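Residue numbers begin at 1 in each chain, while the letters A, B, ... track the order of the sequences. Worth saying up front: this structure is predicted, and the values here are computed from it rather than measured. Basis for what follows: all heavy atoms, side chains included, without hydrogens, waters or symmetry-related copies.
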2 protein chains.
Amino acid sequence: MLKLYYAAGTCALAPHIALEEAGAVYDTARLDFRQNDQRKPDYLAINPKGRVPSLATAQGVLTETPAILAYIAQRFPAAHLAPVDDAFAFAQVQAFNSYLSSTLHVAHAHRLRGHRWADDPAAIQAMKQKVPESVGEAFKLLEATMFKGPWVMGERYTVCDPYLFTVARWMEGDGVDPAQFPALLAHRQRMAERPAVVRALAQQAAE
Amino acid sequence: MLKLYYAAGTCALAPHIALEEAGAVYDTARLDFRQNDQRKPDYLAINPKGRVPSLATAQGVLTETPAILAYIAQRFPAAHLAPVDDAFAFAQVQAFNSYLSSTLHVAHAHRLRGHRWADDPAAIQAMKQKVPESVGEAFKLLEATMFKGPWVMGERYTVCDPYLFTVARWMEGDGVDPAQFPALLAHRQRMAERPAVVRALAQQAAE
């Protein structure tokens, strides 16, 4: 059985929603970042990176949100969560998710994880200060050039949608005003009404 | 016809090598970062992110190295550059490339692109100082837990190999001693001998 390792408030919500959308049978394991669960030996044996999400499968453990999302789409083809047989369309899905991972999420991480990239407390503070601007710029690009609507890729819902929803929930905490991004805000509201999203959020709230 | 937009010394070398491995017919367009070509209107019309690589195809432009690599693998199946029909194995390829993009490349970018995440010159200097450690840690994880050998995924060469080769060439510039990583260093040497790699590097040197 699939098992998703997640922590509350993290990008692991994206594969959690995708598993719900796929109708997958899966288990979850919740990590508490305040207890530093992700750096404990038990978890490092599962994912040596000490990060979430991880998805344990019968063939081994997968990491990295874009890869896990593509796996769920390919593993559950009946759910049509990505155009896996169309090289160009599938690459567009991957490109979108890769941008969220390597640009938007990275900008966001400079708010609370600046110690990854500098030791000086003043430098860590300087990084925190720029987050509203750097994260805001990423959302601006999404709104202006990448988001098609009503779903990320247009008429078809894909694994880009739960990922965008997940990072769009961070806007207020990052000091970014969602009102600047009407299309993304409408998407966030549309997503919040999907039964799969309601179920994933309820499960994370209950655990 | 495919057209690869690249700049010298960047991660665009990875898809360039992959196109050579695939036997693709393609064109290249070289951007000069010293002239800030990537921020000029002509290029922003192609890729609004102002980054490389971009791959123009008959269906539109693709961005993000992991997505472009997966596209080349899927578009040229005869070259067997990724196990595209095996959801788990393909996800392992994507996870590896996603790690290079969102962790290793990001750590590396703090050496010359710190202005993305802070304005204070002292903070930018503090980021630069940590690069040998943060990039070194990423290579340590690759060597210890992710690289299988002789190729990244084991016996089969995949699109992970040109990407690893590309970022491994940055070690010395990032202040990371390659001698700490004998498996990665042997891989870098093995890659440098492949005809596709020789051709891509020669083309970039000649343009």
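- Scanning residues 132-152 of chain A against chain B with a 4.5 Å heavy-atom cutoff picks out A:E133, A:S134, A:L141, A:T145, A:M146, ordered by number.
- With a 4.5 Å cut-off on non-hydrogen atoms, B:V61 touches chain A through its backbone but not through its side chain.
- The distance from the NE2 atom of A:H115 to the NZ atom of B:K130 is 8.0 Å, given to the nearest 0.5 Å.
- The number of heavy atoms from other shown groups lying within 6.0 Å of CZ (B:R30) is above 12.
- Contacts of A:V131 with chain B are absent, with no heavy-atom separation under 4.5 Å from either backbone or side chain.
- With a 4.5 angstrom heavy-atom cutoff, B:Q129 does not touch chain A via any of its atoms.
- Neither the backbone nor the side chain of B:V93 comes within contact range of chain A, judged by heavy atoms closer than 4.5 Å.
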Please tabulate, for the side chains in residues 94-109 of chain A, all donor-acceptor contacts under 3.5 angstrom to protein atoms that are two or more places apart in sequence or on a different chain.
unit_1: A:S102; atom_1: OG; unit_2: A:S98; atom_2: O; d: 2.9
unit_1: A:H108; atom_1: ND1; unit_2: A:D174; atom_2: OD1; d: 3.1
unit_1: A:H108; atom_1: ND1; unit_2: A:D174; atom_2: OD2; d: 2.7

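- A donor-acceptor pair under 3.5 Å is absent between the side-chain atoms of A:Q74 and the main chain of B:F88, judged by distance alone.
- Heavy-atom pairs under 4.5 Å with chain B were tallied for A:Q125, A:R116, A:K49; the largest tally goes to A:K49.
- The candidate with the highest count of non-hydrogen atom pairs below 4.5 Å against chain A, out of B:A87, B:A58, B:A123, B:A91, is B:A87.
- Counting heavy atoms from C-beta outward, A:D120 and B:M127 have side chains that stay 4.5 Å or more apart.
- Within a 6.0 Å radius of CZ in A:R199, more than 12 heavy atoms belonging to other residues, nucleotides or ligands are found.
- Chain A forms the most heavy-atom pairs under 4.5 Å with one residue out of B:W117, B:F90, B:Y71, and that residue is B:W117.
- Of the listed residues (A:R75, A:H110, A:R51, A:Q92), the greatest number of heavy-atom pairs within a distance under 4.5 Å of chain B belongs to A:H110.
- Across B:I72, B:D119, B:I68, B:T65, the residue that shares the most heavy-atom pairs under 4.5 angstrom with chain A is B:D119.
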